[in-house]
Amino acid sequence: MLRMARVREFDTEAAVVRAMNLFWTRGFEATSVRDLTEHLGIGQGSLYAAFGSKEGLYQAALTHYRDTLADAALADLQAGGDVRAAIRTMLVERIRIAVMHGGQGCLFVNAASERLPQDGPTQKAVRDALAVSQESLADVLRAAAARGEVSDRHDAQTLAAFLVTFLNGLLVSSKVTPDADALTPLVEVALGALD
């Protein structure tokens, strides 16, 4: 007698989004498989069948974060217009998102702080996402320097690395001081590097 495979009874994409939010708020270690199954409304067997493990679901959550929130920030930068204003908007928006819910921070920064250097897959996911952000920002800065919108006194790659590092530090600070009004003035200081 042939047995048909069971059809997955839940939306895996919605489960990844819900898991991402749980990991983002609690972190990897503080989120148990039981927490995940209760939050997602699925059984443990379904979680393992769909994602292989808690770690597999975590990697799916990091990928979703990169493909949605992180990529949206880059898309706004690449849209053109006033580069200085676009960078300011991107930094201020990242602060706003980071201080939501009492300072949940950035999922990538949280992952790096909690899981690195021991967790190789998370290290690769975070490193790759930061490299893409830095390279995209460098491309925007090169084009802006060629148009005379920003100074060319700094190499675009170095300036992009500085801005990404500044943003990551700002996101860590947002966990200590989840107050956008206190953190936003720091953006103007960082923008001075474009002069």
Side-chain angles (χ1 to χ4, degrees), residues 17-31 35 39 58 61-116 122 125-127 129-141 143-145 147 149-151 153-154 156-195:
V17 172
R18 290 178 59 83
M20 178 192 75
N21 288 321
L22 192 60
F23 285 130
W24 193 357
T25 302
R26 292 187 184 177
F28 179 83
E29 294 298 334
T31 303
D35 294 333
H39 189 71
Y58 187 64
L62 290 174
T63 298
H64 181 77
Y65 184 84
R66 180 200 66 211
D67 292 346
T68 55
L69 297 171
D71 283 358
L74 294 176
D76 290 343
L77 274 179
Q78 295 165 338
D82 180 357
V83 170
R84 186 180 304 268
I87 293 173
R88 177 185 292 110
T89 298
M90 185 226 10
L91 293 172
V92 170
E93 179 64 9
R94 301 314 301 159
I95 292 170
R96 186 193 68 73
I97 291 170
V99 301
M100 285 188 329
H101 310 296
Q104 71 184 22
C106 164
L107 184 58
F108 283 138
V109 171
N110 296 351
S113 299
E114 181 183 17
R115 305 286 299 156
L116 305 188
T122 298
V126 172
R127 184 180 358 178
L130 293 179
V132 167
S133 296
Q134 186 174 314
E135 194 55 48
S136 295
L137 185 53
D139 289 345
V140 168
L141 291 167
R147 292 189 305 268
E149 293 177 26
V150 299
S151 171
R153 70 184 173 105
H154 297 294
Q157 196 71 37
T158 302
L159 187 54
F162 162 75
L163 289 169
V164 169
T165 301
F166 167 77
L167 176 58
N168 290 333
L170 199 59
L171 295 172
V172 170
S173 294
S174 75
K175 294 182 81 59
V176 176
T177 308
D179 178 356
D181 292 336
L183 297 171
T184 300
L186 302 175
V187 170
E188 295 308 318
V189 176
L191 291 174
L194 302 178
D195 297 332

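Values below: every heavy atom of this structure, side chains too, minus hydrogens, waters and symmetry copies. Computed from a prediction, not measured in an experiment: that's the story for all the values here. If you read the sequence from its start, that first residue is 1, and numbering goes on from there.
Taking 4.5 Å as the limit, every side-chain heavy atom of M100 sits out of range of all side-chain heavy atoms of T25. Side-chain atoms of L130 and Q134, non-hydrogen and from C-beta on, never get closer than 4.5 Å to each other. Taking 4.5 Å as the limit, some side-chain heavy atom of R115 sits within range of a side-chain heavy atom of Y58. Contact check for N168 versus F108: no side-chain heavy atoms found under the 4.5 Å cut-off. Side-chain atoms of I87 and L141, non-hydrogen and from C-beta on, do get closer than 4.5 Å to each other. Counting heavy atoms from C-beta outward, L137 and L159 have side chains that stay 4.5 Å or more apart. Looking at V109 and S113, their side chains come closer than 4.5 Å, going by heavy atoms from C-beta outward.
A donor-acceptor pair is defined here as one N or O able to donate and one able to accept, closer than 3.5 Å; no such pair exists between the side chain of R96 and the backbone of A180. R84 contributes a side-chain N or O that, together with a main-chain N or O of L191, makes up a donor-acceptor pair within less than 3.5 Å. In this structure, the side chain of N110 does not engage the main chain of G105 through any donor-acceptor pair within 3.5 Å. Listed for the R94 side chain is no donor-acceptor partner under 3.5 Å among the backbone atoms of L171.
Taking CZ from R153 and CG from D195, the interatomic distance works out to 7.0 Å, rounded to the nearest 0.5 Å. How far CG of L163 is from NE2 of H154: 9.5 Å, rounded to the nearest 0.5 Å. In this structure, OG1 on T89 lies 8.5 Å from CD on E93, to the nearest 0.5 angstrom. Taking CG from D82 and CZ from R88, the interatomic distance works out to 7.5 Å, rounded to the nearest 0.5 Å. The OG atom of S133 sits 8.5 Å away from the CG atom of L167 when rounded to the nearest 0.5 Å. Rounded to the nearest 0.5 angstrom, Q157 CD and E135 CD are separated by 4.5 Å.
Scanning both residues, V187 and I95, for their nearest heavy atoms gives CG2-CD1, 3.8 Å. In this structure, E114 and A30 approach most closely via the heavy-atom pair OE2-N, 4.4 Å. Scanning all heavy atoms of the two residues, the minimum distance from A112 to V126 falls at CB-CG1, 4.3 Å. Across all non-hydrogen atoms, the minimal contact from A111 to T122 is CB-CG2, 3.8 Å. For L62 against A125, the heavy-atom pair with the smallest separation is CD1-CB, 4.2 Å. Residue S151 comes nearest to A145 through the heavy atom pair O-CB, 4.3 Å, listed as atom of the first residue, atom of the second, then distance.
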Verdict with reasoning, T31 to H39, per side chain to side chain contact (heavy atoms under 4.5 Å, CB included): CA-CA 10 Å; T31 303; H39 189 71; over 6 Å; no

Using the side chain to side chain contact (heavy atoms under 4.5 Å, CB included) rule, take L170 and S174 through it: C-alpha gap first, then chi angles, then the decisive distance, then the call. CA-CA 6 Å; L170 199 59; S174 75; over 6 Å; no

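Aromatic ring pairs are classed by plane angle as parallel below 30°, tilted from 30° to 60° and perpendicular above 60°; the pair F23 and F28 is parallel.
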